Amino acid sequence: MDSVIQRVKSFTGQQQDDVLPIEVPANTHKSIRKLMAGNDRYVRNASQTVQEKQLNEHQLRRRLSTLGQAPWAIMVSCSDSRCPVERVFDASPGDLFVVRVAGNICGSPIGGVIGSAEYGVEHLKSPVIMVLGHTKCGAVSAAVRCSKDCIAPGDHFGRNLGAVVGHIRTPALEALETSERPSTPEQIEHAIQLNVYHSMEQILRWSTVIQETVRQGELEIHGGIYDITTGKVTFLGQHPRQRELLDIARSVTVRTGADAPMPAPEALLRLQKGNSRYVIGDVDHKIVDTKVRHALVQKGQRPLAAMLGCADSRIPIDYVFDTNPGDLFVVRNAGSTCGAIAGGIIGSLEYGVGHLKTQLLVVLGHTQCGAVAAAMEAHLTSDKKGEEVPEGLRCLLERLHPPVKMAVEQSDSTAMGDRVSLAIELNVWHTIEQLLESSTVLHGAVTQGILQIHGAIYDLQTGRVRFMGEHPKLKQLVHKDIDSMDITTPDGDWKRDTTCGSQSTAASSKRTHSKQVAAFDPVGIVPDPGQKTPAAWGNDGGAPGQKKSDADDDGKCFELSWYVQTKHGRQHLKDVILDQNNWIAGVTVALVSVPLSISLGIASGTTPIRGVATAIFGGLCAGIFGSSDYNIVGPAGALSGMLMS
């Protein structure tokens, strides 16, 4: 077999390329050296002829047909007719395995480019892949100009051609941001190079066959740019971030319950980048195979963000943010409203935040929202008689009435469209307010800095999401009415009572009317994979320290430790009672208060024993609740004695 391959190489002229007329690094791959030598002959117009190969074309074709192909390089290049790949490298039939597509893009991980490259690597054993761009590339020029003018490629070029240009938008935008010279020709030149690296990156990311072959040292991926004016190829070498890309490709892309919660800033950045890819049409193509589904089933979910959006069918949320299965915990209803306190919206979001440990919640409105427009029309024509509105729809319009009314009052324009646009934005803020007011789980998580709630507006026309940040009055909303509560927030973790036989989900809406505010548990209870029902997150009130049993409130299996606010900060009630300084202070108060209490008792006509009892009672009160060493205990005890007398 080796002799057969040697004969093929001899017939195709490969053995004559060992000597290079130009200097190249000593560690350059043999196939790259051949490409360099061939391009040098092409530039010098010194190409070999068929006669020099000692075979005519007819004999060459017959032998290749009989012996098969053994290409020593795979070329991924542009379809441009000015780039004849075989001639550019002075290659013979059987030398190069060539894949050509406009803009030398990869397109899709399931498409022909990646599949063709995998065939060349796995079956033909080609040791090198070269992505070849070229100067004055029309596809790259179109992508740069569309990016510069903020034009959607699909709108300008149509669906299919627009998709080709859209795949180049990422390097085009990067070129606009990083080019030293802002003129368009220089930006296009820079984008051509970045587009080569972009295709190399996609080959590494999308093909596990190529990844493993590169890791084993059996394959190299290089880039190059062909100058259509001079004919010379500039060799770029391997991707500058190849090791990092291989590490990323090795990691699992799907998020499961085994992953740690993603911090809100990181999750927000992921959403922003995903939406940018969606807008330009350069989305990451998802391959949801059995392995991915198995991981999600066995390990559970750990979404990077929770999303409250509108039910509008024109907003495919997972597409809008270009996310994977397991990334988003999505709740949707018409108008992206909060809904009833005891309804499924708040309970679902509490599950995402309290149980799945999501640290980012996004309330997503959208332009031209039909629900908000209907509420605006109902508000402006409230004094007119119209047709009967179904009860459910009437309730929805009522929930949208506050932001609609505020928009009418604040808008400088009387145009319906302007008022609706303002109402859509105000509705996002109003929904956030309702979530914080109605849910102690969300309120507690925001208070402790564990959860961020952001507002955003999706543009139906452009596909772009405008991230508006957190509520402009977040501090006032979070700290509203906290000082008026009788007992401070319980600080301990929820503890599972292992003696209980079942668990159930408690509706946090019941806690809304309680004076106790349940703290958000950043650790929480991670369920076993086989657990069918989620752990409850809250308490419906009750005495401090009271333990819930199966008979109490649908079988919640938790107990709660209570803390009280003292001069020294928040302390557990038992620590306050057992504190040594408090008891010393209490005894001191009792002794100091005895003469005063006896005198008051005699003056009021009671017995001295009652005065002594009053002093002791005052000392106990000061010792337990005084929460000071000595500075206010005396006055507190004396006042207690006088009041009891």
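Note that the structure is predicted; figures quoted are calculated from it, not measured.
- Taking a 6.0 Å sphere around CZ of R464, one finds it holds 12 or fewer heavy atoms contributed by other residues, nucleotides or ligands.
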Please step through side chain to side chain contact (heavy atoms under 4.5 Å, CB included) for the pair V362 and L271, ending with a clear verdict. CA-CA 10 Å; V362 177; L271 295 179; 4.0 Å; yes
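- Q452 and H454 share a donor-acceptor pair across their side chains, judged by distance under 3.5 Å alone.
- Other residues, nucleotides and ligands place no more than 12 heavy atoms under 6.0 Å from the CZ atom of R243.
- Between the CD1 atom of I317 and the OG1 atom of T323 there is a distance of 9.0 Å, given to the nearest 0.5 Å.
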Test T462 against V279 for side chain to side chain contact (heavy atoms under 4.5 Å, CB included), laying out the working first. CA-CA 7 Å; T462 65; V279 170; 5.7 Å; no
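- Salt bridge annotation for E425-R466: present, with a cationic side-chain nitrogen under 4.0 angstrom from a carboxylate oxygen.
- For H471, the ring-ring contact (aromatic ring centres under 6.0 Å, His included) partners at least two apart in sequence or on another chain are W429.
- Put simply, the side chain of T256 gets close to the backbone of A258: a donor and an acceptor are under 3.5 Å apart.
- H366 places no side-chain N or O within donor-acceptor distance of the main-chain N or O of I315, the cut-off being under 3.5 Å.
- Closest of all the heavy-atom pairs between R314 and D312 is NH2-OD2, 2.7 Å.
- Between S207 and E118, the side chains place a donor N or O and an acceptor N or O closer than 3.5 Å (distance only, hydrogens not considered).
- Between R100 and S79, the side chains place no donor N or O within less than 3.5 Å of an acceptor N or O (distance only, hydrogens not considered).
- For the pair Q69/F97, a side-chain contact is recorded, criterion being any heavy-atom separation below 4.5 Å from C-beta on.
- Looking only at side-chain heavy atoms (C-beta outward), L474 and L436 come within less than 4.5 Å of each other.
- A donor-acceptor pair under 3.5 Å is formed between the side chain of Q211 and the backbone N or O of R205.
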After noting the C-alpha distance and the side-chain angles of R302 and D259, does the key distance pass the salt bridge (charged side-chain N to carboxylate O under 4.0 Å, His left out) rule? CA-CA 7 Å; R302 183 77 70 214; D259 293 310; over 6 Å; no
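- Of all the heavy atoms in S116 and V99, the pair that sits closest is CB-CG2, 3.6 Å.
- To the nearest 0.5 Å, atoms CG (L361) and CD (E470) are separated by 10.5 Å.
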When you look at L328 and L304, which way does the side chain to side chain contact (heavy atoms under 4.5 Å, CB included) test go after all the steps? CA-CA 6 Å; L328 294 182; L304 62 89; 4.3 Å; yes
Step-by-step side chain to side chain contact (heavy atoms under 4.5 Å, CB included) determination, V121 to S126: CA-CA 5 Å; V121 170; S126 299; 5.6 Å; no
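- The environment of CD in Q216 is crowded: more than 12 heavy-atom neighbours from other residues, nucleotides or ligands sit within 6.0 Å.
- Looking at T367, its side chain does come within 3.5 Å of a backbone N or O of L460 through a donor-acceptor pair.
- Smallest separation of non-hydrogen atoms from G107 and H167: O-CE1, 3.1 Å.
- Of the possible polar contacts, none joining the S336 side chain to the V428 backbone as a donor-acceptor pair under 3.5 Å is found.
- The distance from the OG1 atom of T358 to the CE atom of M307 is 10.5 Å, given to the nearest 0.5 Å.
- Residues R332 and L308 form no side-chain contact, since every pair of their non-hydrogen atoms from C-beta on lies 4.5 Å or further apart.
- S439 places no side-chain N or O within donor-acceptor distance of the main-chain N or O of L435, the cut-off being under 3.5 Å.
- The shortest side-chain heavy-atom distance between L477 and E433 falls under the 4.5 Å cut-off.
- Put simply, the side chain of D327 gets close to the backbone of N324: a donor and an acceptor are under 3.5 Å apart.
- Residues E174 and H190 are not in side-chain contact: their nearest non-hydrogen atoms beyond the backbone lie 4.5 Å or more apart.
- Residues satisfying the ring-ring contact (aromatic ring centres under 6.0 Å, His included) test with H123, not counting sequence neighbours, are Y119.
- Within the 3.5 Å criterion, the main-chain N or O of D322 finds no donor-acceptor partner in the side chain of D318.
- In this structure, V214 and Q242 have side chains that are in contact, with non-hydrogen atoms separated by less than 4.5 Å.
- Defined by atom type and a distance below 3.5 Å, a donor-acceptor pair is missing between the side-chain atoms of T170 and H198.
- V128 is not listed as a side-chain neighbour of W72, based on a closest heavy-atom distance of 4.5 Å or more.
- Between the OH atom in Y458 and the CD1 atom in I424 there is a gap of 13.5 Å [rounded to 0.5 Å].
- With rounding to the nearest 0.5 angstrom, the CD1 atom of I129 is 4.5 Å from the CD1 atom of I221.
- A donor-acceptor contact shorter than 3.5 Å links the side chain of R255 to the backbone of A260.
- In this structure, CG in N195 is found 8.0 Å from CD1 in I105, a value given to the nearest 0.5 Å.
- Under the 3.5 Å distance criterion, the side-chain polar atoms of N275 are matched with a main-chain donor or acceptor of V465.
- For the residue pair L35 and A73, the shortest heavy atom distance occurs at CD1-CB, 4.5 Å.
- Heavy atoms only, all atoms of each residue included: P127 and S31 are closest at CG-OG, 3.6 Å.
- Put simply, the side chain of L132 does not reach to within 4.5 Å of the side chain of N104, judged on heavy atoms.
- Checked against ring-ring contact (aromatic ring centres under 6.0 Å, His included), H430 has no partners two or more places apart in sequence or in another chain.
- In terms of heavy-atom proximity, S438 sits nearest to I346 at CB-CD1, 3.4 Å.
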